[in-house]
2 protein chains.
Amino acid sequence: MRLSKTACSDCPIRHRAVCAECDTDELSILEGIKSYVTIPSGGSIALAGEPLHYLSSVVTGCATISKTLEDGRRQLVGLLLPSDFIGRPGRANQSFDVEAVSDVTLCRFERKAFEGIVRASPNVARRLLTMTLDELDVARDWQVLLGRLSARERVAHFLLSLVRREASDSGADLVSGAITLQLPLSREMIADYLGLTIETTSRQFTALRRDGLIESASARQILVPDLARLMLETMDDDGGTIA
Amino acid sequence: MRLSKTACSDCPIRHRAVCAECDTDELSILEGIKSYVTIPSGGSIALAGEPLHYLSSVVTGCATISKTLEDGRRQLVGLLLPSDFIGRPGRANQSFDVEAVSDVTLCRFERKAFEGIVRASPNVARRLLTMTLDELDVARDWQVLLGRLSARERVAHFLLSLVRREASDSGADLVSGAITLQLPLSREMIADYLGLTIETTSRQFTALRRDGLIESASARQILVPDLARLMLETMDDDGGTIA
DNA sequence: CGAAGAATTGAGACGGCTCAACCAAAGTGG
DNA sequence: CCACTTTGGTTGAGCCGTCTCAATTCTTCG
């Protein structure tokens, strides 16, 4: 399903996406080759092993990056939110599955054309490198979570990662206090993200609720009455601050 | 400890490191700002949170990237072998600890100077992007291992990752057959890499030995009599091939 | 209102962890 | 040169956290 093009200058992710550092000239080149596509919730955006014809930025919605083993075990390795980039220039095939978990609008570029832009535009190339390095740090932090944290720590960490992401998107400075958040993922997907089962994940939500660290109107709607207290559960080395 | 400079053209990692795609002009610029340093086994190369003055390529030896939690739990998030790059241009502070696990020779660049080269030399920038994207894929594959594989599968996968790396370095094509390998890590470090304890790791080595999948002259010296059979233990989706 | 999917809860099994002993190889010092 | 220590690895016994299997409740939607 195609949408009418939005001018890049009006784009909600203009200052965070791969185009963030483009000048107006570069932007107009991108404008010339981009197209918008909306993937319905549950739809596939890319399949591991398949040739990759398009690279894209997430404009709205939420998607997952995952791998499924032959016997059905599944592990999410990334969460894609607005401004995140999908695909890798310079490689013909996709390494992981990418799936929409809500309706997702993509700003899409034909791969070959985009690779030309990466070559021609240092601002795009630099931004892409910065974003990739950031993703690498995130992936490695997640390795620590998967390798060493308990189920309770994982769930607390997951909730805080959502809070952090939301804060950094809106530029807000969250010191502490009450915060509500909308979970973009089902319990099953959270479990696959955290390397746990659905049941263990659910039990940890219940335990956090019992201990007063979270409250919930529904399964997807979480209230964190005291962010600092939740942070104490995560046992990470960020020293209890968010920045 | 400083070593005499080797000419880049004679460098053992010339065609695999960040400089792989440089032409002779670019190479001579790099040559001008590089210096060699050797870190003794066990020494620290970088500490998480500390300012990062140098970026470098591993020329010889082996190093680890890791994070240690306040309570002592530790997780390796990467293994650095010759040609791998350390540090990230564009960020002042280091995200993870980097430690030498053997004597390590680095080809080192002052950060600011190297950032200038990344800006000026598209071949370096592109190579760096490619390497970072590769690392991201590796990190995500490791997330799957940490989140979903059993202890036995993890150890088998670890051994195969060493075999693969060795094969790709030497350009050899390994279909199957017997292979010997020298483990660069102690049992403790392997455990920290795999998200296990020392004891569990040791038991899995014993079990693989009992089942005839590996043989060992010493703890660090492993013989894999039949690579294909070991691959069957890994349960990954590579379809049993190495490529 | 009934059906289907999502989430929660419970009971028991099991894999990996903890604590502890033991062993082998490699120093170290008298 | 040999006791002693140190370090890294292996093995054993029992415990605990998470998984598995199953039932129940909640939510959503036709």
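Order of the sequence lines fixes the chain letters, A, B, ..., with proteins taken first and strands second; residue numbering starts at 1 for each chain.
Residue-level contact check: B/Arg220 touches the backbone only, with heavy atoms under 4.0 Å from sugar-phosphate atoms and none from bases. B/Leu196 comes within 4.0 angstrom of the backbone, heavy atoms only, and of no base. When heavy atoms are screened at a 4.0 angstrom cut-off, A/Ser218 is found touching no nucleic acid atom at all.
Axis angle, first five pairs versus last five pairs of the helix from C/dC1-D/dG30 to C/dG30-D/dC1: 30°, rounded to 10°.
Closest to the side chain of A/Ala151, out of D/dC19, D/dT10, D/dT18, is D/dT18. Side-chain proximity of A/Arg209 to the nucleotides D/dT11, C/dA7, C/dT8 is greatest for C/dT8. The side chain of A/Gln204 has D/dT18 as its nearest neighbour among C/dG16, D/dT18, C/dT8. Minimum atom distance to the side chain of B/Arg203 is reached by C/dT18, of the listed D/dT10, C/dT18, C/dG16. The side chain of B/Ser202 lies closest to D/dT11 when the candidates are C/dT8, D/dT11, D/dC19.
B/Arg154 has its CZ atom 11 Å from the C1' atom of C/dG15, to the nearest Å. Counting to the nearest Å, the C1' atom of C/dT8 and the CD atom of A/Glu188 are 15 Å from each other. As rounded to whole Å, 12 Å separates atom P of D/dC19 from atom CZ of A/Arg73. Computed from coordinates, the A/Arg187 CZ to D/dT25 C1' distance equals 14 Å when rounded to whole Å. Atom-to-atom, CD of A/Gln221 to C1' of C/dA6 comes out at 17 Å; the value is rounded to the nearest Å. B/Ile222 places its CD1 atom 13 Å from the C1' atom of D/dT10, with the value rounded to the nearest Å. Rounded to whole Å, atom P of D/dT11 lies 13 Å from atom CD of B/Glu199. A/Leu149 places its CG atom 18 Å from the P atom of C/dG16, with the value rounded to the nearest Å.
Note on B/Thr206: a side-chain N or O is less than 4.0 Å away from OP1 or OP2 of D/dT11. Within the structure, every side-chain polar atom (N or O) of A/Thr200 is placed at least 4.0 Å from both OP1 and OP2 of D/dT18.
A/Ser186 contributes a side-chain N or O that, together with a main-chain N or O of A/Met189, makes up a donor-acceptor pair within less than 3.5 Å. A/Arg148 contributes a side-chain N or O that, together with a main-chain N or O of B/Leu196, makes up a donor-acceptor pair within less than 3.5 Å.
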Does the pair A/Arg209 and A/Glu215 meet the rule for a salt bridge (charged side-chain N to carboxylate O under 4.0 Å, His left out), with working shown?
CA-CA 6 Å; A/Arg209 202 177 308 119; A/Glu215 297 163 23; over 6 Å; no
So B/Arg91 and A/Asp137, salt bridge (charged side-chain N to carboxylate O under 4.0 Å, His left out) or not? Walk me through it.
CA-CA 12 Å; B/Arg91 174 173 295 180; A/Asp137 277 356; 2.6 Å; yes
Show, in sequence, the C-alpha distance, side-chain angles and deciding distance for A/Arg140 and A/Glu135, and conclude whether the salt bridge (charged side-chain N to carboxylate O under 4.0 Å, His left out) test is met.
CA-CA 9 Å; A/Arg140 287 176 167 167; A/Glu135 279 187 281; over 6 Å; no
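Around atom CD of A/Glu188, no more than 12 heavy atoms belonging to other residues, nucleotides or ligands sit under 6.0 Å away.
Not a single side-chain hydrogen bond (donor to acceptor under 3.5 Å, both in side chains) links A/Asp97 to another residue, sequence neighbours left out.
Under a 4.0 Å N-O distance rule, the pair A/Asp84/A/Arg165 qualifies as a salt bridge.
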